[in-house]
Trainee: 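Below is one structure. I have some questions about it.
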Amino acid sequence: MKGMFLRPLVAVLLLVVGCPRNHPPDGPSVPIGPASGYPDSGYHITTVGHDPDGDGVAVRFSWGDGDTSAWSNLAANWSSFAEMHSWDSLGTYFVTAQAQDEHAGCSDWSGELEVAIVTANPPPDVPAVPSGQGDCIVGKEYIFITSTADPNGDRLQFRFSWGDSDTTDWTELVSSGGQGSAKHSWSSTGSFLVRSQARDQHGAASDWSGERVVTVWDSTGGAPGTLKWEFVAEAGIASSPAIGADGTIYVGSYDHKLYAVSPDGMLKWEFLTGGPVKSSPAVGTDGTVYVGSDDNKVCAIDPGGTLKWTLATRWDVISSPAVGTDGTIYVGSRDGSLYAIYQDGALRWEFVTRGEVLSSPAVGTDGTIYVGSRDSSLYAVKPDGTKKWEVRVGSSILNSSPAIGQDGTIYVGSCEHGLHALNPDGSIEWCYGARYGVWSSPAVGLDGVVYVSADDYRFHAINPEGTRRWGYHVDFWFTSSPAIGADGTVYAGNGRGLLYALYPDGTLRWVFVARGDVRSSPAIGADGAVYVGSDAGRLYAVHGTTPLANTPWPKYRHDNANTGRTGGGQ
């Protein structure tokens, strides 16, 4: 009986109080996407869904071309939704979005995104000339890399033509601006033109790139970048080789020895000093070899390997000697002095700086001696030993030694402030900033371009006015100073034990893999052989292409005799 009265009461209460009411979602935000585009290109469109009850939300898009997307999966309130769509015809389209909650309640359509499909799909930009080794060996596989961008951001793929009637398949798709790479080996010798082409995800293809010239050699014929011979010392070689008039190669080692090595890689003689020989030897006009060592001495050794004389300083001699036109030997010491020594070993004069002199002196055409100091100054010293001028360059000058250009401009690097160009009167012409500074010594090309390696993992080519021409990036810092061949090839070693050969435009020619870091700076023989030492105690002779260039300052210490003098070694 009670139940008969309760049922009508519950029904009345439900009518009065009411069931919880579902509110439909709010209209989604106006879709976000490109304002214009190209036919058959996919574009991402996004919107945000919101439900006043906090329900899960799904979204669909109307593309304005008669096509509506399926409902998305349900997502949390305030979620962002994205779909990709392409339009196949030119015109203007109005994209809207609609939301649906988990109870099937639907919102109104959102405001409109106007998309103008205005032109046909353009092809990608022409790819860069492929980068990779320029001197290759028959049968050995090499990798080449290219890149480009697409005007409307489409994904891209690449293919390569190797110049031997072989063309690769298209690579996998990458983002616009990304790289494509492929490997190849050649079965015959000769010169080949390597090119690349790009294609976007819709099939539009670019023109072919410019040509990369690759020369393929027979490894038995002395291909550039291959080993000619190696000489093994008893400890590391950071000293940079000097070459005598008869082709003898002179180099110092941490094993306290100066070595004389014949052009075929055989030992001629060795001279024992009292300390590690980090200094690079210099050869006088009469064949006398001058070198410093960590026993606080400068030695003069005759061409047969016999000691002529020594001069004692107050600390290690890491600086490399320079030889003036009158035969005077100039060399720095960690005791902070620059020494001038007569040919018979007598002290001519001593010029004192305020810091260690690890930098090696350079001698100008008027006899002025330029040398850097750890006191952050570059000094110009007259032939009589008096100061001409002193310029502070902002940070220490350690291993970087001055180079002198055709017009007398002096170039030197500092530890934190890059490369400096100074006029002969001591005024600063420009400073080229390189991250982490420049420890190497610069070389100057025939056209006035200055080459220098830096601690920013880059090898730099700098225009005569101080602007960047190009930079070559590697995975470790360069530790040696550059040398320039007569064909414009630039050589330098790095701390990963690699000797690089670069074309004058900054592209890779070849890489030689050495044992140990290559701190030594290369010399280039008359037959084009490149001589360089390594921390593993090796003196390498690597096949090159041409002799040393005849430029204002083509290598560390100016010439193969390491005279450190403008016009020296000729």
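Side-chain atoms are counted along with the backbone in the values below, which use heavy atoms only and exclude waters and symmetry mates. Model, not experiment: these values are computed from the prediction.
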Trainee: Should Asp517 and Arg519 be marked as a salt bridge (Lys or Arg N to Asp or Glu O under 4.0 Å) after you check the CA-CA gap, both sets of side-chain angles, and the distance that decides it?
Mentor: CA-CA 6 Å; Asp517 297 354; Arg519 303 176 191 272; 3.3 Å; yes
Trainee: Under a 3.5 Å distance rule, please check whether Ser196 uses its side chain to pair with a backbone N or O of Ser209 as donor and acceptor.
Mentor: no
Trainee: Can you list every pair that meets ring-ring contact (aromatic ring centres under 6.0 Å, His included) and has a residue in residues 208-227, with sequence neighbours left out?
Mentor: none
Trainee: Could you state the interatomic distance from CG (Asp366) to OG1 (Thr566), rounded to the nearest 0.5 Å?
Mentor: 9.0 Å
Trainee: When rounded to the nearest 0.5 angstrom, what distance separates NE2 in His558 from OG in Ser441?
Mentor: 13.5 Å
Trainee: When you compare the side chain of Val530 with that of Lys228, does any pair of heavy atoms fall below 4.5 Å?
Mentor: no
Trainee: Please report the shortest heavy-atom distance between Val283 and Ala242, naming the atom on each side.
Mentor: CG2-CB, 4.1 Å
Trainee: Compare all side-chain heavy atoms of Thr273 with those of Lys297 and state whether any distance is below 4.5 angstrom.
Mentor: no
Trainee: Within a strict 4.5 Å, meaning less than it, do heavy atoms of the Ser414 and His420 side chains meet?
Mentor: yes
Trainee: Counting distance only, does the side-chain N/O of Ser161 pair as donor-acceptor with the main-chain N or O of Arg195 below 3.5 Å?
Mentor: no
Trainee: Kindly say whether Asn296 contributes a backbone atom to a donor-acceptor pair with the side chain of Asp316 at under 3.5 angstrom?
Mentor: no
Trainee: Look at the rings of Trp510 and Tyr491 and say which category their plane angle falls in: under 30° parallel, 30 to 60° tilted, over 60° perpendicular.
Mentor: tilted
Trainee: Check whether any side-chain N or O of Thr489 sits under 3.5 Å from a backbone N or O of Tyr503 as a donor-acceptor pair, and report yes or no.
Mentor: no
Trainee: Testing the basics here: between Asp447 and Arg469, what is the closest heavy-atom pair and its distance to 0.1 Å?
Mentor: OD2-NH1, 3.4 Å
Trainee: Start with the C-alpha distance between Ser337 and Arg314, add both sets of side-chain angles, then the distance that settles side-chain hydrogen bond (donor to acceptor under 3.5 Å, both in side chains), and finish with yes or no.
Mentor: CA-CA 9 Å; Ser337 289; Arg314 293 179 295 278; 3.2 Å; yes
Trainee: In this structure, is the centre-to-centre distance between the rings of Tyr432 and His460 below 6.0 Å?
Mentor: yes
Trainee: Counting only heavy atoms not in Glu465, do more than 12 sit closer than 6.0 Å to its CD atom?
Mentor: yes
Trainee: Between Ile301 and Thr306, is there a side-chain heavy-atom distance shorter than 4.5 Å?
Mentor: no
Trainee: Salt bridge (Lys or Arg N to Asp or Glu O under 4.0 Å) between Asp302 and Lys308: does it pass, once the steps are laid out?
Mentor: CA-CA 6 Å; Asp302 72 23; Lys308 293 178 71 172; over 6 Å; no
Trainee: Under 3.5 Å, is there a donor-acceptor pair between the side chain of Arg538 and the main chain of Ala536?
Mentor: yes
Trainee: Does the side-chain contact (heavy atoms from CB on, under 4.5 Å) test come out yes or no for Leu338 and Val357, once each step is laid out?
Mentor: CA-CA 7 Å; Leu338 172 70; Val357 180; 5.6 Å; no
Trainee: Looking at every heavy atom in both Ile249 and Trp229, which two are closest together, and how far apart are they?
Mentor: CD1-CZ2, 4.1 Å
Trainee: Of all heavy-atom pairs between Pro241 and Asn562, which one has the smallest distance, and what is that distance?
Mentor: O-ND2, 3.3 Å
Trainee: Quick one: sort the Trp430 and Tyr411 rings into parallel, tilted or perpendicular, breaks at 30° and 60°.
Mentor: tilted
Trainee: Do you know the tightest heavy-atom contact between Leu258 and Val289?
Mentor: CD2-CG1, 3.9 Å
Trainee: Could you tell me whether the side chain of Asp255 reaches within less than 4.5 Å of the side chain of Glu270, counting heavy atoms only?
Mentor: no
Trainee: Kindly indicate, with the supporting measurements, whether the criterion side-chain contact (heavy atoms from CB on, under 4.5 Å) is fulfilled by Phe231 and Ile237.
Mentor: CA-CA 11 Å; Phe231 172 83; Ile237 296 175; 5.5 Å; no
Trainee: Listing request: all salt bridge (Lys or Arg N to Asp or Glu O under 4.0 Å) pairs with a residue in residues 181-192, at least two apart in sequence or in separate chains.
Mentor: none
Trainee: Which is it for Tyr379 and Thr353 under the side-chain contact (heavy atoms from CB on, under 4.5 Å) test, yes or no, and what are the steps along the way?
Mentor: CA-CA 8 Å; Tyr379 293 88; Thr353 76; 3.6 Å; yes
Trainee: Main chain of Val452, side chain of Ser440: is a donor-acceptor contact present, judged purely on distance under 3.5 Å?
Mentor: no
Trainee: Under a 4.5 Å cut-off applied to non-hydrogen side-chain atoms, are Tyr142 and Ile137 in contact?
Mentor: yes
Trainee: If only side-chain N and O atoms count, and only distance matters, is there a donor-acceptor pair under 3.5 Å linking Thr328 with Arg348?
Mentor: yes
Trainee: Does a sphere of radius 6.0 Å around NZ in Lys257 hold more than 12 heavy atoms from other residues, nucleotides or ligands, not counting ones at 6.0 Å or beyond?
Mentor: yes
Trainee: Say you draw a straight line from NE2 of His256 to CD of Glu234; how long is it, rounded to the nearest 0.5 Å?
Mentor: 10.5 Å
Trainee: Could you tell me which residues satisfy ring pair (Phe, Tyr, Trp, His ring centres under 6.0 Å) with Phe512, sequence neighbours excluded, listed by chain and number?
Mentor: Tyr540
Trainee: Using every non-hydrogen atom in the two residues, find where Pro547 and Ile524 come nearest and quote the distance to one decimal.
Mentor: C-CG2, 3.7 Å
Trainee: Of Asn560, Leu548, Leu446, which is the lone residue that meets side-chain contact (heavy atoms from CB on, under 4.5 Å) with Pro554?
Mentor: Leu548
Trainee: With rounding to the nearest 0.5 Å, note down the distance linking CH2 in Trp269 to OG1 in Thr248.
Mentor: 8.5 Å
Trainee: Check whether the side chains of Tyr556 and Ser480 place a donor and an acceptor atom closer than 3.5 Å, and report yes or no.
Mentor: no
Trainee: Taking side chain as C-beta onward, heavy atoms only, is Lys140 less than 4.5 Å from Ser185?
Mentor: no
Trainee: Knowing that exactly one of Phe144, Trp162, Phe192 qualifies, which makes a ring pair (Phe, Tyr, Trp, His ring centres under 6.0 Å) with His184?
Mentor: Trp162
Trainee: Among Leu311, Asp294, Val331, find the one that has a side-chain contact (heavy atoms from CB on, under 4.5 Å) with Val317.
Mentor: Val331
Trainee: Please say which of Ser279, Ser359, Pro361, Ser280 ends up in a side-chain contact (heavy atoms from CB on, under 4.5 Å) with Ser319.
Mentor: Pro361
Trainee: Inspect the surroundings of CG in Asp169 and state if more than 12 heavy atoms from other residues, nucleotides or ligands are less than 6.0 Å away.
Mentor: no
Trainee: With a 4.5 Å limit on heavy-atom distance, are the side chains of Lys268 and Asp246 in contact?
Mentor: yes
Trainee: Could you measure the distance from the CG atom of Leu499 to the OG atom of Ser534? Nearest 0.5 Å is fine.
Mentor: 11.0 Å
Trainee: In Å and rounded to the nearest 0.5 Å, what is the CD to CH2 distance from Glu141 to Trp186?
Mentor: 10.0 Å
Trainee: Within the side chain of Trp309, is there an N or O that forms a donor-acceptor pair under 3.5 Å with the backbone of Gln343?
Mentor: yes
Trainee: Do Thr507 and Val129 pass the side-chain contact (heavy atoms from CB on, under 4.5 Å) test, and can you show the C-alpha distance, the side-chain angles, and the key distance before you say yes or no?
Mentor: CA-CA 10 Å; Thr507 56; Val129 174; over 6 Å; no
Trainee: Should the pair His473 and Tyr457 be assigned to parallel (<30°), tilted (30 to 60°) or perpendicular (>60°) ring geometry?
Mentor: tilted
Trainee: For the CD atom on Gln406, are there more than 12 heavy atoms of other groups (residues, nucleotides or ligands in this structure) within a distance under 6.0 Å?
Mentor: no
